[in-house]
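Reviewing the structure listed below.
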Amino acid sequence: MNAINYPSTAHTAPACSFTEAVLRGLATDGGLFVPSHLPPLQADTFKQLMQADSCHLPGIALLEPFVLPFSERELKNILQTALNFPIPLISLKDNIFLLEVFHGPTLAFKDVGARFMAGILTEIVKKTGTQLDILVATSGDTGSAVAHAFYKKKGVRVCVLYPAGRITPLQEKQMTGLGGNILAVKIQGTFDDCQHLVKTFLADRSLALPGRQYSTANSINIARLLPQMIYHSWGIIQLKQGGKYLRAAPLMSIPSGNLGNLVSALYAHARGLPVEHFIAATNANAVFPDFLTQGKYAAQPSCQTVSSAMDVGNPSNLARLQHFFQDDLTRMRQAISAISVSDAETLDTLRRVWETEKYLPDPHTAVGIAAAWRFREQHPEYRHHPVIVTATAHPAKFPAVIQQAIGTDSVIQVPDSLQHLRETAARFTELPPDPTALHNLLQSFRGED
Ligand SMILES: *Cc1c(COP(=O)(O)O)cnc(C)c1O
């Protein structure tokens, strides 16, 4: 089989190498990079994976063909640094399993992709001797994951732009408390202003500082998507090892916004990981469920919900999903059911799980559990079928929603990393959404490289 390269979902740009795809983020024709093929794992590799005692071995086997020219040893080192936290599978009543992908430094699954991409980019910078500035616009979780992932990495500086007054105080602390090579910029505007500013800055060569390369780190970067295959596989391996995977493969319920988590799970499945059926769980932003039922795509302005990281009205990874199914809606429907969950149902699910199991899910995970329950109700043949729900964030990130759901936030067990944050000082610069102002700021920024 030929080596994997990365064509664009828009079909006109030439296919790129992994390194180019990571550095560029977006293809020159505006499409997203996708792997040219997804080779199934060999039977003996698969057997070995099922015996693994951590996610590192599956990580190497799953990613090795995708990351040329990185060697197996380099990949191993990058994974060891990136995935330095546990990803346990927690068992609830009636065959619901929660894959807790939120034990990284910023307490959401986005740490996995951000930390892997940081490892890859740092290695590229080291080999080529470039000085890299990464600009990232954020509505909350992405910025903190990227900032933490690159903190103290040599040759890279990160500039995080976030909208004033539109992120939670905790999210702001997670970005502004670092210092060093991380520059936090509070923009007097909306998230769209931040994103527009990044795009303008990157497109206008006259704004670039001499001797520096520029890149962005938003969630469409292929280096963030690919490593997510690892934990989906690790969830199934743990299920199997726990003896809970009996006759049939499990269902998978995935709390979804931009659909990156769903696409990576489909990739893992294509490589041989057994999954019976996928449930795409969205909040009231039901663009994807509507698309699956109606067969027509209509982007919507996003509306605010209690699972804010999934408030997406135009899911960026839909192009990858369509490419994966070669625009065959029938096949997509066979593989995926999409379920939209209201805020009332999310809060009720959170409360029910807390009251009956003494387990406190975050609001995004609650959307995934609610969708799993509803799917099994609607399909009697699956009534007791094992479901793995991706638990995407730690409840401590959302105390106000927890309070709303169960009447108190005092039962949240706040991890040390958050306790710590409360004591750090916030360091940020406030700017209007103006590219020249950003240029001047970057010019005067003396972050230790
Ligand atoms: C980003 C995010 C999601 C949505 O993931 P997608 O890959 O964009 O579908 C769900 N939950 C949390 C906590 C997130 O931060």
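Remember, it's 1-based here, ligands and their atoms both numbered in the order they're listed.
- Under the side-chain contact (heavy atoms from CB on, under 4.5 Å) test applied with W373, the options V341, I96, V387, I339 reduce to a single match, I96.
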Worked verdict on Y214 versus L135 for side chain to side chain contact (heavy atoms under 4.5 Å, CB included) = CA-CA 7 Å; Y214 293 88; L135 271 56; 4.2 Å; yes
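- Around ligand 1, the residues contributing at least one heavy atom under 4.0 Å from the ligand are F109, K110, D141, P255, S256, G257, N258, L259, G260, N261, A309, M310, H364, T392, A393.
- Heavy atoms from other residues, nucleotides or ligands lying under 6.0 Å from CD of Q326 number 12 at most.
- Sorted by first and then second residue, the ring pair (Phe, Tyr, Trp, His ring centres under 6.0 Å) pairs with a member in residues 382-414 read F102-H394, H364-F398, F375-Y382, Y382-H385; sequence neighbours excluded.
- Using the six-membered ring where Trp is involved, F18 and Y6 have ring planes that are tilted, between 30° and 60° apart.
- Side chain of T122 to main chain of A118: a donor-acceptor pair is present (N/O by atom type, distance under 3.5 Å, no hydrogens or angles).
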